[in-house]
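Accompanying notes for the structure given below.
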Amino acid sequence: MVSIDKNNIININQDTYGTLSLIKNQILGKFKRLMDASEAKSVYQTGYFRGEPMPYAYTFAPFGRRNQAIIRSVKQGQKLEFALNGNIVGHMIVSSVYKLENSHNSIFAAREIEFSDDNKTGKYAISGEFEIYDNSLANIKQRVLDTIKEKNYQKVTALMLTADPFNRLHERLVRMTIDKADITIIFLICTLENRRNLDFKLRLKTLEYFISNFLPSERVIVVPFENTYLFSNHINPVLECLAAYNFGATKLVVGQNHGGIGMFYDHNQPNTILDSVTKNLDIELIVMPELVYCNQCRTIVSTKTCPHGQHHHIKYKSDTLKELLFSGILPPAILMRKEISAMILSTLFPDRFENFQKICNDLFPNVGLLEERTQNDFYLDLMGLYQTTSLT
């Protein structure tokens with residue numbers, strides 16, 4: 001039996017693990033080490049490092065009394081291992097130990113959650129080369145870059161979605177993006193922990209279902225950012241831009257109401273805080289107008305082109321849709337595709353009805369034989385009854 005030296009193990013959480021994966025796989029820039037004091041200071045002062053935009057320094061000062069005690073006692077050249085939920089997921093070779101001067105500008109403190117220790121940093125940081133043992137993100141990135149190169153794609157457009165839940169507005173946005181691109185990269189991003197958020201794997205399942213059934217799937221690639229909250233709620237738009245660029249994108253699509261882009265006008269021209277970043281990276285930022293459903297136009301429209309007032313507009317509010325779903329109610333088909341709603345409800349309420357088959361037999365017509373219906377089938381058939389028009 002091999003003994004494990006616990007004095008060489010740094011405990012990390014999922015978010016830190018995800019951030020380490022982004023750095024190691026050069027998704028936020030070419031630099032892929034944990035920074036020393038002088039490198040971090042350069043980022044603090046300029047917002048750039050070696051010519052690349054870098055809004056946060058790669059300073060690693062894991063929080064916790066035990067972690068900090070290990071860091072303060074470590075020697076140059078020593079190997080430290082990263083443990084996540086009791087499993088060793090990577091390691092680093094220590095180059096230096098130093099006192100952290102600006103913890104707020106650390107990439108590991110960029111997740112903005114109040115009253116949480118999850119994204120706090122300690123007083124002492126370590127620098128050096130490191131390895132992450134999971135290659136899944138590296139493989140996805142390489143597959144995307146190889147596809148772009150092999151097909152000689154010139155128009156590569158990226159967009160970031162929470163798909164929480166995936167609704168008709170997302171469908172329209174994705175279709176509009178695909179229409180003007182050789183290939184579209186959809187980054188599925190984590191939402192902040194909340195009992196009213198849909199599970200990541202469920203959101204990925206609904207997105208992949210829509211792509212495989214209703215889109216030319218060869219022109220779409222999904223990149224799941226499952227282990228990092230850096231992109232949650234679109235709080236770090238510069239990081240979105242960097243990630244898209246380093247996956248080979250030539251354009252990034254964001255919504256007009258994106259929480260972090262800071263739209264302003266200069267000489268009657270719209271500008272955002274990302275303009276200088278996109279110019280430096282040679283990536284185009286496309287700001288999409290606000291889209292709504294108009295009950296006069298009877299379709300999804302832009303608020304800029306629809307002549308009808310706001311009192312005719314239905315907005316696609318994620319919180320409202322989730323309120324319906326978590327209450328067990330099917331959202332109207334104009335808001336969410338019925339197949340997506342059925343997938344979500346059958347997952348949220350797997351054993352909802354005590355006499356499930358009897359209810360199905362009483363509600364739905366059959367071909368003379370008793371038909372076994374799944375929970376998913378139930379919601380699809382129920383939506384069909386809702387849409388019957390002859391008795392309305």
Side-chain angles (χ1 to χ4, degrees), residues 13-15 18 84-87 113 116 118 136 161-171 174 186 188-215 217 222 224-229 232-233 314 316-389 391-392:
N13 57 34
Q14 177 183 308
D15 193 31
L84 172 64
N85 298 326
N87 299 313
I113 303 179
S116 172
D118 287 352
S136 56
L161 296 179
T162 59
D164 187 24
F166 188 78
N167 57 56
R168 294 285 191 178
L169 193 64
H170 294 135
E171 292 188 20
V174 170
I186 301 178
L188 184 64
I189 59 180
C190 276
T191 52
L192 300 179
E193 300 100 330
N194 188 305
R195 67 184 183 88
R196 285 296 187 178
N197 287 340
L198 297 177
D199 179 74
F200 184 89
K201 287 182 172 56
L202 177 57
R203 292 187 286 116
L204 178 60
K205 181 181 177 182
T206 59
L207 177 58
E208 289 178 337
Y209 173 84
F210 173 72
I211 292 171
S212 62
N213 287 277
F214 301 103
L215 293 178
S217 56
V222 177
F225 277 164
E226 184 174 4
N227 294 315
T228 177
Y229 295 97
S232 299
N233 297 347
I314 298 174
Y316 290 76
K317 296 289 187 181
S318 292
D319 288 343
T320 302
L321 289 173
K322 284 188 289 186
E323 193 69 34
L324 293 176
L325 291 168
F326 278 99
S327 298
I329 300 173
L330 274 167
I334 63 168
L335 298 179
M336 285 182 63
R337 186 175 291 271
K338 63 180 181 180
E339 294 89 348
I340 302 297
S341 298
M343 290 173 66
I344 294 173
L345 286 175
S346 60
T347 301
L348 294 178
F349 303 95
D351 300 304
R352 187 174 187 180
F353 302 105
E354 186 174 345
N355 300 309
F356 175 70
Q357 288 301 328
K358 181 179 184 303
I359 293 174
C360 291
N361 294 336
D362 291 344
L363 280 177
F364 309 123
N366 55 60
V367 294
L369 298 174
L370 294 180
E371 300 177 56
E372 290 289 328
R373 283 182 169 85
T374 65
Q375 297 278 343
N376 196 75
D377 295 333
F378 169 80
Y379 291 109
L380 289 174
D381 290 341
L382 188 63
M383 180 62 81
L385 293 184
Y386 284 144
Q387 293 173 320
T388 300
T389 59
L391 295 178
T392 58

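A donor-acceptor pair shorter than 3.5 Å can be found between the side chains of Y379 and R352.
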Do any side-chain atoms of residues 326-334 form donor-acceptor pairs under 3.5 angstrom with protein atoms, and if so which ones, sequence neighbours left out?
from : atom 1 : to   : atom 2 : distance (Å)
S327 : OG     : E323 : O      : 2.8

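L335 and N167 make their closest contact through O-CB, 3.2 Å (heavy atoms, listed as atom of the first residue, atom of the second, distance). L345 and L325 make their closest contact through CD2-O, 3.3 Å (heavy atoms, listed as atom of the first residue, atom of the second, distance). Taking every heavy atom of both residues into account, P165 and K322 meet most closely at CD-CG, 3.7 Å. When all heavy atoms of S341 and M336 are compared, the pair lying nearest together is OG-CB, 3.5 Å.
Considering only residues two or more places apart in sequence or on other chains, F349 meets the ring pair (Phe, Tyr, Trp, His ring centres under 6.0 Å) condition with none of them. Listed by chain and residue number, L202 satisfy the side chain to side chain contact (heavy atoms under 4.5 Å, CB included) test with T347 (two or more places apart in sequence, or in another chain). Applying the side-chain hydrogen bond (donor to acceptor under 3.5 Å, both in side chains) rule to N227 yields no partners; only residues at least two apart in sequence or on another chain are considered. Not a single salt bridge (charged side-chain N to carboxylate O under 4.0 Å, His left out) links D351 to another residue, sequence neighbours left out. With sequence neighbours left out, the salt bridge (charged side-chain N to carboxylate O under 4.0 Å, His left out) criterion links E339 to no other residue. Shown here are the side-chain hydrogen bond (donor to acceptor under 3.5 Å, both in side chains) partners of S136, two or more places apart in sequence or in another chain: D134. Residues satisfying the side chain to side chain contact (heavy atoms under 4.5 Å, CB included) criterion with L84, sequence neighbours excluded, are I12, Y17, V89. A search for side-chain hydrogen bond (donor to acceptor under 3.5 Å, both in side chains) contacts involving K205 returns nothing, not counting sequence neighbours. With sequence neighbours excluded, the residues forming a salt bridge (charged side-chain N to carboxylate O under 4.0 Å, His left out) with E226 are K201, listed by chain and number. With sequence neighbours left out, D377 forms a side-chain hydrogen bond (donor to acceptor under 3.5 Å, both in side chains) with T374.
We find the CD-CZ distance between E171 and F210 to be 4.0 Å, quoted to the nearest 0.5 Å. Atom CG in D381 sits 8.5 Å away from atom NZ in K338 (nearest 0.5 Å).
For residues 357-366, the set of pairs meeting the salt bridge (Lys or Arg N to Asp or Glu O under 4.0 Å) definition, not counting sequence neighbours, comprises K358-D362.
Although no hydrogens or angles enter the test, the distance criterion places no donor-acceptor pair under 3.5 Å between the side chain of S217 and the main chain of S212. A distance-only check finds a donor-acceptor pair linking the side chain of D164 to the backbone of L198 [under 3.5 Å]. Of the possible donor and acceptor atoms, one in the side chain of D15 sits under 3.5 Å from a partner among the backbone N and O of Y229. Here the side chain of R373 pairs no donor or acceptor atom with the backbone of F356 at under 3.5 angstrom.
Cation-pi geometry between R337 and F214 is satisfied (NZ or CZ under 6.0 Å from the ring centre, within 45° of the ring normal).
Between F166 and Y209, the distance separating the two ring centers is not shorter than 6.0 angstrom.
Within 6.0 Å of CG on N213 lie more than 12 heavy atoms contributed by other residues, nucleotides or ligands.
Exactly one of I314, L321, T320 qualifies for a side-chain contact (heavy atoms from CB on, under 4.5 Å) with K317. That residue is T320.
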Hey, mind stepping through T162 and N197 against side chain to side chain contact (heavy atoms under 4.5 Å, CB included) and telling me if it holds? CA-CA 10 Å; T162 59; N197 287 340; over 6 Å; no
